[in-house]
Amino acid sequence: MSLHASGATDLRVRVARTGADTVSLTLTDPAGRLVARVDSLSTRALPADRTGLTKDRTGDLVRRALLRPEWTALGLSDDGGEQAWAVRGPDELGLAAFLSDAGKPGFLAVTAVARATDTDPLGAVHELTGRVLATLQDLQDDPGAAGSRLVVVTRNATAPVPDLAGAAVWGLVRAAQAELPGRVVLVDVDGRPASLRVLPAAVATGEPQLRVRDGQVTVPRLTAVGGVADAGAAFGADGTVLITGGTGALGSELARHLVSEHGVRHLLLTGRRGAQAPGAEELRGELERSGARVGIVACDVADRAALAEVVERCEPPLTAVVHAAGVLDDGVLDSLTPGRMAAVLRPKAEGALHLHELTRGLDLSAFVVFSSVSGLLGRAGQGNYAAANAFLDALAHRRAAEGLRVVSLAWGPWEHTGAWRPDSPGSTPGLVTCSRRCPHDRAWPCSTPPCARPSRSWRRSCRTGPRCGRVGSNCPRRCADSSVRTGEQPNRRRRDPPAVRGRCWSQGPGGRGWTGCPRANGRRHSWNCCVPTSRWCWATRTRTRCRPAGPSPSWASTR
């Protein structure tokens, strides 16, 4: 380990895989100046055989693996909030009356407030996320916005009974913050004058995400989950447990765990292809040999009528639900469209809401939704996926407010490929195989959702690196299975074929990439390339106008 500078208050950490169980760390300040370097850090997975560990130590390890978002009070300085503001688009909150407009605006405020409706919450989600997506895309192409920070203001998106559309916007904007570091601020208010009055001072603190209630400002932090009783999950042998996405790799592992460790004897697994999904019949046979009765049904969870029929026909009656269905359609902000947003929102958000409404009158022992840390922390290239998972977390809060059983587990990277469906080209890498001391056994009884569960083998997430937002002619990296020549000018509204999207090759050592960027260093060029449509250089953290710089002499797979 070598230290190159001191005094930095914020750090950017780059993790590079150097071996089977080793990584190197490069720490820089926000300006890109080197602070420290760790040449080699060895990691090791938690042993599967933990008989040598004491009960107290095992419980401590499990508790440390569970985190929960908490809101921490933030003090405001008296000299904050002196920059000029401009309000763009509809001003449903009346922000203009509380903001200074003298001089060139340093902040551009945009309100993201859903229309008041209880009859079509999903329509409000699609409408609001589409509007905010367009605003984020316009920000990158607007020369007049250079040097200004965009402030997205929602209302009650983080309230005890959250606005579902506003919560989805939080997920989308968190991903935008990862793609546009330092340019976007996210604020949730209660709409009261006392809260709107302190908005400039709150934003002036430099915090990327804030909540203002009754004039008091808080910021989100992840804290360890404490005091969770080791009561196990509320699953039994008498009723039916429904697992959506149950024929995928994630649902299959969960089904095995419920049968072997919780004594579940009646399982109903749903998926779009049902028993025709790869490995579905083999899974059924394996579970039946373990003593379980297993039904596999083809059902689109976003189809409310089809899902209602599945719930009604459960025999024995339904007693627990695990919503693990989902799809990926990753892409940087400028490549997303309302259609791509809807494709990811349908199975996760719409499916979860349908399950909530259809089972509200049932005495369920467990209602579990599998969310993702992308909705809590944001991840570049996953704006639609982050929005869908933030919706799940908000729905869990709503169920808890109604006194209904619920847990939202925000998982990190997994250890297998194909977490959502075996043939998905863009499946999340890495699946944590359930074990006897499975951490989500501790999470089931939690009363305050969501719980964040980082991967047990987090180092595996280093294999993929940042996701490519464009494929084929829209990508500065060469793509496998694509007949499109690299180096063509990007088509900013093109949607690439699902069979190609996400299956990219990146430039190897010494590759040149796009002009305006430094030469590649390390094994992957993906951190150091420009995304042309967003005009943002990841290496220099600055806006740039990128263009192809010619072919690269070598290529290396990122997958």
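At a threshold of 4.5 Å between non-hydrogen side-chain atoms, the residues F107 and Q83 count as touching. Using a 4.5 Å heavy-atom threshold, the side chains of R174 and L377 count as separate. Residues V132 and V110 form no side-chain contact, since every pair of their non-hydrogen atoms from C-beta on lies 4.5 Å or further apart. Taking 4.5 Å as the limit, some side-chain heavy atom of L150 sits within range of a side-chain heavy atom of L136. Annotation: side chain of L210 is in contact with side chain of L74 (closest heavy-atom distance under 4.5 Å). Taking the side chain as every heavy atom from C-beta outward, D29 and D10 never approach each other to under 4.5 Å. Between W170 and L186, the closest side-chain pair of non-hydrogen atoms falls below 4.5 Å. In this structure, the side chains of V203 and T205 stay at 4.5 Å or more apart for every pair of heavy atoms.
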Side chain to side chain contact (heavy atoms under 4.5 Å, CB included), that's the test. Do M341 and L336 meet it? Break it down for me.
CA-CA 7 Å; M341 292 288 297; L336 294 181; 4.1 Å; yes

Where do E357 and R304 land on the salt bridge (charged side-chain N to carboxylate O under 4.0 Å, His left out) test, with the steps shown first?
CA-CA 10 Å; E357 294 173 346; R304 181 186 172 93; 2.4 Å; yes

Stepwise salt bridge (charged side-chain N to carboxylate O under 4.0 Å, His left out) check, R88 with D142:
CA-CA 13 Å; R88 287 191 171 185; D142 183 4; 2.6 Å; yes

Let's go through E402 and R360 carefully: what are the C-alpha distance in whole Å and the side-chain angles of both, what is the deciding distance for salt bridge (charged side-chain N to carboxylate O under 4.0 Å, His left out) to 0.1 Å, and is it a yes or a no?
CA-CA 10 Å; E402 295 178 20; R360 181 181 282 160; 3.5 Å; yes

Residue pair S371, W411: steps toward the side chain to side chain donor-acceptor pair (under 3.5 Å) verdict:
CA-CA 6 Å; S371 179; W411 291 92; over 6 Å; no

Could you walk me through whether D190 and S195 pass the side chain to side chain donor-acceptor pair (under 3.5 Å) check?
CA-CA 7 Å; D190 55 9; S195 299; 2.7 Å; yes

Show your working on side chain to side chain contact (heavy atoms under 4.5 Å, CB included) between F367 and V407 and close with a plain yes or no.
CA-CA 6 Å; F367 187 99; V407 168; over 6 Å; no

Could you walk me through whether L395 and V369 pass side chain to side chain contact (heavy atoms under 4.5 Å, CB included), step by step?
CA-CA 9 Å; L395 180 63; V369 292; 5.5 Å; no

Taking it one step at a time, do L345 and N384 satisfy side chain to side chain contact (heavy atoms under 4.5 Å, CB included)?
CA-CA 7 Å; L345 285 167; N384 47 8; over 6 Å; no

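With values rounded to the nearest 0.5 angstrom, N389 atom CG is found 12.0 Å from F370 atom CZ. If you take CD on E127 and CG on L122, they are separated by 12.5 Å, rounding to the nearest 0.5 Å. Remark: T26 OG1 to R14 CZ distance equals 6.5 Å, nearest 0.5 Å. In this structure, T111 OG1 and R131 CZ are separated by 6.0 Å, a value rounded to the nearest 0.5 Å. Here CG of L353 is found 9.0 Å from CG of L355. Values are rounded to the nearest 0.5 Å. Rounded to the nearest 0.5 Å, atoms NE2 (H126) and CG (D120) are 8.5 Å apart.
Residue A352 comes nearest to L392 through the heavy atom pair CB-CD2, 3.3 Å, listed as atom of the first residue, atom of the second, then distance. The two residues R12 and P181 have their closest heavy-atom pair at NH2-CB, 3.6 Å. Nearest heavy-atom pair, V301 versus L307, reported as atom, atom and distance to 0.1 Å: O-CD2, 3.7 Å. Closest non-hydrogen pair, L376 versus A410, comes out as CD1-CB, 3.8 Å. The heavy-atom pair separating T129 from A168 by the smallest distance is CG2-CB, 3.8 Å. Heavy atoms only, all atoms of each residue included: A167 and A394 are closest at CB-CB, 3.4 Å.
By the neighbour-count criterion of 12 heavy atoms within 6.0 Å, atom CD of E207 is densely surrounded, having more than that number from other residues, nucleotides or ligands.
Seen from the ring of Y385, R379 does not count as a face-on cation partner, given the 6.0 Å and 45° thresholds.
With respect to V153, the side-chain contact (heavy atoms from CB on, under 4.5 Å) criterion is satisfied by exactly one of D91, V189, V212: V189. Results of the side-chain hydrogen bond (donor to acceptor under 3.5 Å, both in side chains) test with D188 over R211, Q209, R213 single out R213 as the only residue that passes.
A donor-acceptor pair under 3.5 Å is absent between the side-chain atoms of S372 and the main chain of G375, judged by distance alone. In this structure, N156 contributes its side chain and A159 its backbone to no donor-acceptor pair below 3.5 Å. The closest donor-acceptor contact from the side chain of Q382 to the backbone of G331 lies at 3.5 Å or more, if one exists at all. Side-chain atoms of H354 come within 3.5 Å of backbone atoms of A302 as a donor-acceptor pair (strictly under, hydrogens ignored). E179 contributes no side-chain N or O that, together with a main-chain N or O of A380, makes up a donor-acceptor pair within less than 3.5 Å. At distances below 3.5 Å, not a single donor-acceptor pair connects side-chain atoms of T223 with backbone N or O atoms of L67. The backbone N or O of L333 lies less than 3.5 Å from a partner atom in the side chain of Q137, making a donor-acceptor pair. The backbone N or O of K348 sits less than 3.5 Å from a side-chain atom of H323, completing a donor-acceptor pair.
Residues that satisfy the salt bridge (charged side-chain N to carboxylate O under 4.0 Å, His left out) test with D214, not counting sequence neighbours, are R192.
Using a cut-off of 4.0 Å between Lys/Arg side-chain N and Asp/Glu carboxylate O, R398 and D163 are scored as not salt-bridged.
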